[in-house]
Protein chains: 2
Amino acid sequence: MPFTVKAKIASFGGYLYKLSHPSSSTGTEMAVSVYLPPQAAHQNQKVPVLFYLSGLTCTPDNCSEKGFFQHGAARRGLAVVYPDTSPRGLNLPGEKDSWDFGEGAGFYVDAARAPFAGKYRMETYVADELPAALFADPLFASLLDASRVSITGHSMGGHGALTLYLRHPGKYRSVSAFAPIANPSNCPWGQKAFSGYLGDDRAAWAEHDATELIRSGAWKDRGDLKALVDVGTADNFYKQGQLLPENLAKAVEEAGLKGLELRYQKDYDHSYYFMATFSDDHVDHAAKHLGLL
Amino acid sequence: MPFTVKAKIASFGGYLYKLSHPSSSTGTEMAVSVYLPPQAAHQNQKVPVLFYLSGLTCTPDNCSEKGFFQHGAARRGLAVVYPDTSPRGLNLPGEKDSWDFGEGAGFYVDAARAPFAGKYRMETYVADELPAALFADPLFASLLDASRVSITGHSMGGHGALTLYLRHPGKYRSVSAFAPIANPSNCPWGQKAFSGYLGDDRAAWAEHDATELIRSGAWKDRGDLKALVDVGTADNFYKQGQLLPENLAKAVEEAGLKGLELRYQKDYDHSYYFMATFSDDHVDHAAKHLGLL
């Protein structure tokens, strides 16, 4: 099914497309934005693609307005795809009771538990359906290089980026994350989400937990990770133990893996001020692994 | 009176201070944000200052979150001051009836008409009281160079930047504007605001209208303008005749003045996507005239 173009907005020499399309994964119309850099928008070059996964409560607009990714994407010549964070408008029981679960908080898993099962299928949507739809769409097929894809994200979206990277070897050339929920099985946000979407079986949780995936050998014999992670030292969610990047780093070290660059950024918080400051670095990290640098 | 620090947020190697202070111009507590670049925040250098005036409805947060001035300011080493767009909390009759007049829409004039007179004094506040307070404040006095100041703004704030520059020769080294309301006497926004704040005397309006100021010889014998203006060709407010940059350009030409660079940016709209794309250029324009480039 084709995408409906809601808006086409000039940005850093290219265009941001605000789109929607009917999703078979969720059974809803899904919002998504795609940034085409000038190399694609004006020079008709086929460019690599960086998927950006947003955090709790966000829509595709938050990061495209505040994250500054278009600056780096235009400079390096890559497209950025901003998916939404959950289906919307389903009106399921409990879906809107809290800001950190349900609508706006899909956690990039396929839910197994009622009433979310069969509808909150954000892993299938982001990893499979959405890219397939974009790479086949008349507007984008000739401009997006399906063979060169990387992924990044913020907070819940950092968790999404890391777990999709680890769970789908070969699909993404690299991963990066800002303030990711790096060990969700062991923090309040993750425990609430995984209980609600996956049920009480912690083995199922471990399949969607970056730290537990590393511990269980998911990346064994796959070579070096291509991972960059930034965490701000003034991030209140980090201080509260919601992010636990140190657990991820420890698991990577104990697994004998290389290629995780974890940077603690002094005084930075959890906000888009933090993101905007370092988004050029994350674009460059992806650009390097996508053959642009 | 000192500033109250509401938040100190790391951004592009420096800090954004969210502040408030009691204003004698307005009789209210005024919100303002100040970005100190790393050269000031960490190296204790005294840096020049760029005032950024926001558009209709905005607070100091909109541009500091979405405008990306901090990117250029950190690179060049200048501070950015983000004032609010009106007093708030006065509860005057008619103050909140519309989004383009009253609260959030002070138009950078000192109102002469009741009930706004004596309270909506945004020209005095922005041009005199606020800089004097900042340059005397214990936190900022040694880091902000009162002798090197420029001004910029967006939409209503572009009008404010241009008129304050023209009305206060010598106060600002340069001016720039994004999509300014360049001839407010001849557009609906300006006519509504000037009627409400200044009354029916169009001679009083002309004193706060960049195009009319140029026409009346306000810049005669003052040398070249140091002015950069960007307008997007897909800006609906431009198409509706709210901005009228062509009137400003014509007045400048007829006055035999040089130094206005007016750029029409193809396909750009009125939003912060437009601003973010060109804010580096506007920072560089200021930096050049502030002796940094």
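- Rounding to the nearest 0.5 Å gives a distance of 6.0 Å between NZ of A:K66 and NZ of B:K66.
- For the ring-ring contact (aromatic ring centres under 6.0 Å, His included) with B:F12, the lone residue among A:F278, A:F68, A:Y273 that qualifies is A:F68.
- Taking B:G232, B:S64, B:G67, B:A74 one by one and counting their heavy-atom pairs under 4.5 Å with chain A, the maximum is reached by B:S64.
- Comparing A:A10, A:A234, A:S271 by how many heavy-atom pairs each has under 4.5 Å with chain B, the most go to A:A10.
- Within the 4.5 angstrom heavy-atom criterion, atoms from both the backbone and the side chain of B:D267 approach chain A.
- Between chain B and the options A:K8, A:E65, A:Q265, A:K266, the largest number of non-hydrogen pairs under 4.5 Å is found for A:E65.
- Here the OG atom belonging to A:S11 is positioned 13.0 Å from the CE atom belonging to B:M275, to the nearest 0.5 angstrom.
- Judged by distance alone, the side chain of B:Y268 and the main-chain N or O of A:G13 form a donor-acceptor pair under 3.5 Å.
- Counting non-hydrogen atoms of neighbouring residues, nucleotides and ligands closer than 6.0 angstrom, the NZ atom of B:K46 exceeds 12 such neighbours.
- For a residue to count as touching a neighbouring chain, one of its non-hydrogen atoms must lie under 4.5 Å from one of that chain's; by this rule B:Q70 touches chain A with the side chain only.
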